[in-house]
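Throughout, protein chains are lettered first and strands after them, A, B, ... in sequence-line order, and every chain is numbered starting at 1. This structure is a prediction, so every number in the text was calculated from the model and none was measured.
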Number of protein chains: 2
Amino acid sequence: MSYATQDIIDALKSARETKGLSQRALSKRTGVPQSHISKIESGGADIRLSSLIELARALDLDLKLVPRKAVPAVDNVVRSTAPTIPATPAFKELTRTLETVKKLRVTYPELTELKKLQDNFQTLKNLRNVGKDLEHLREIGKPIRELQKFAETYRGIADAGRRTAEQIKAIQDAAKIPVEQLEALRQAAHNAQTLRNQLVHIIPEQPSLPRPAYRLDEEENDHG
Amino acid sequence: MSYATQDIIDALKSARETKGLSQRALSKRTGVPQSHISKIESGGADIRLSSLIELARALDLDLKLVPRKAVPAVDNVVRSTAPTIPATPAFKELTRTLETVKKLRVTYPELTELKKLQDNFQTLKNLRNVGKDLEHLREIGKPIRELQKFAETYRGIADAGRRTAEQIKAIQDAAKIPVEQLEALRQAAHNAQTLRNQLVHIIPEQPSLPRPAYRLDEEENDHG
DNA sequence: AATCGTGATATGCTAAACTAGATCAAGGAC
DNA sequence: GTCCTTGATCTAGTTTAGCATATCACGATT
């Protein structure tokens, strides 16, 4: 699957979450089964143009073909017409912590707590509502920041000069994350999930729309 | 098929023609069979996201999901980064005549000459090359302008007050296009086609690109 | 006349989108 | 504990995209 496809899928998922819709709510809006939406969002379906347009429409998006050289300008325009990103200290903290988590996931791709943290923080960011509790967020982010420091300490050693794969592995083994840090990380992931759940449930569900008929018209196939 | 789908298809076809590519040339670029490109462009296939992205890429286009409220601004940006539209009198004449044909097609939807004229003029407009012969263009457009006058004469009568369907039909029968005008229109369609063919063949064919692998990666399906 | 290019159309096959519906695992609320 | 929500996963059937290939009709050129 190409990056371009992934971008489109991410945009669909992001829009759904921004609107506070569950997959079932979107399913009711569009008539596309929830199971199929799940598959689409996870990259397991290479959907048809008509399906893409239908889902986009339910999420107040339009599909456009843009000349390549106009893409930066278009991205700029879209960004400038987006809802204002909250400038609260809590939102900034969330954004920073999310970026830290993303970077750490490059170093520790198998650490599932980081994945959980990223997913929950991303959802919170999409919701644009992180509550007002800066201290709570800083506390959740503390183990993450400490892991970042830990990783940077050992990255200096690992990066110093060329090493064989064996040597790199040995350094990584020596650089095992202390158990206390892992436990704190697990707790942080749990707290982030709790915060996400609390804030997600504040969003009211919107009424469903009738499903428009987007199938190819039979007459349109009659080209003979 | 929705208008949005038609817009995407039109954009693909327009881009191909603007680049002076035949369906077979695009087929060689992308590996998509020419028969399938033909079907896509005529609205007979509801293509997959990966196929759309691939075709777009070969035509220097990117696919974007744009918030609905940002669409006018995006359209503006795309327009402003488009190649400059020639300001020659001949191009202006072509644009005007094309608009006239479009309007006439609403009045006479079954008149195949008008469809042929629109297709050929649209292709010429996409090529942005109409040659330099303003007089030739004006001559091709003459029967079209006369048909427009003819239509406007009878539209006044048909629009004056409410009429039954029978009365409207009688007026339309009385407003049959004179045979000479039909013949001149047929000639104009032929001339437009000739001009199109002459100018299309001036465009050199560009080298083909290797076909990138855009299929869903097998590992991507392994979510279990 | 022969040849070439163009878009449209046809055949036949495989894979997968899409649908309907059910279920699972996990978590949260009461 | 019960009940609900959420996203993920599964089964089974229908439809069609996409591919490979060939051919057609038409127009242009030589």
A/Ser35 (side chain) and C/dT19 (base): donor-acceptor pair under 3.5 Å:
no
Classify the nucleic acid contact of B/Ile47 as base, sugar-phosphate or nothing, counting any heavy atom under 4.0 Å across all strands shown.
sugar-phosphate
Least distance between heavy atoms, B/Leu63 atom then A/Ile8 atom
O-CD1, 3.7 Å
Whether A/Lys64 and B/Asp62 form a salt bridge (side-chain N of Lys/Arg under 4.0 Å from carboxylate O of Asp/Glu) is what I want to check.
no
For A/Thr5 and A/Ser2, does a side-chain donor sit closer than 3.5 Å to a side-chain acceptor?
yes
Is the shortest side-chain heavy-atom distance between A/Glu146 and A/Pro143 below 4.5 Å?
no
How close do B/Val78 and A/Pro67 get, heavy atom to heavy atom, and via which atoms?
CG1-CD, 3.7 Å
Return the value, rounded to whole Å, for the distance between atom CZ of B/Arg48 and atom C1' of D/dG18.
7 Å
Pairing residues for A/Glu93 by the side-chain hydrogen bond (donor to acceptor under 3.5 Å, both in side chains) criterion, not counting sequence neighbours
A/Arg96, A/Arg138, A/Arg145
In whole angstrom, give the distance that lies between atom NZ of A/Lys39 and atom P of C/dA15.
15 Å
To the nearest 10 degrees, the angle between the two end axes of the helix from C/dA1-D/dT30 to C/dC30-D/dG1 (five pairs per end) comes to 30°
Do B/Gln148 and B/Ile144 have side chains that approach each other closer than 4.5 Å (heavy atoms only, starting at C-beta)?
no
Taking only N and O in the side chain of B/Arg16, is any of them less than 4.0 Å away from OP1 or OP2 of C/dG7?
yes
Within the structure, does a side-chain N or O atom of A/Ser22 lie under 4.0 Å from either OP1 or OP2 of D/dT5?
no
A/Lys116 NZ to D/dG7 P, straight-line distance once rounded to whole Å
16 Å
Answer yes or no: side-chain N or O of A/Gln34 and base N or O of D/dA8 forming a donor-acceptor pair under 3.5 Å.
yes
To the nearest angstrom, how far is B/Gln23 atom CD from D/dA22 atom P?
19 Å
On DNA chain C, does the nearest nucleotide to A/His190 precede the nearest nucleotide to A/Ile40 from the 5' side, or the other way round? Give the residue.
A/Ile40
Whole angstroms only, please: what is the NE2-C1' distance between A/His36 and C/dC18?
5 Å
Whole-Å distance, A/Leu49 CG to C/dA17 C1', equals 14 Å
Between CG of A/Leu26 and P of D/dT5 the distance, given in whole Å, is 17 Å
Would you say a side-chain N or O of A/Ser38 is under 4.0 Å from OP1 or OP2 of D/dG7?
no
Contact class for A/Glu41 vs. all strands (heavy atom < 4.0 Å): base, sugar-phosphate, or nothing?
nothing
Below the 4.0 Å mark, does C/dA8 have OP1 or OP2 next to a side-chain nitrogen or oxygen of B/Arg24?
no
Below 4.0 Å: OP1/OP2 of C/dC18 and any side-chain N or O of A/Ser51
yes
Mind checking what makes side-chain hydrogen bond (donor to acceptor under 3.5 Å, both in side chains) contact with B/Gln34, not counting sequence neighbours?
B/Gln23
Closest-nucleotide ordering on DNA chain D, the 5'-leading residue of B/Leu52 and A/Glu17
A/Glu17
Atom CG of A/Asp46 and atom P of D/dA17: how far apart are they, to the nearest Å?
13 Å
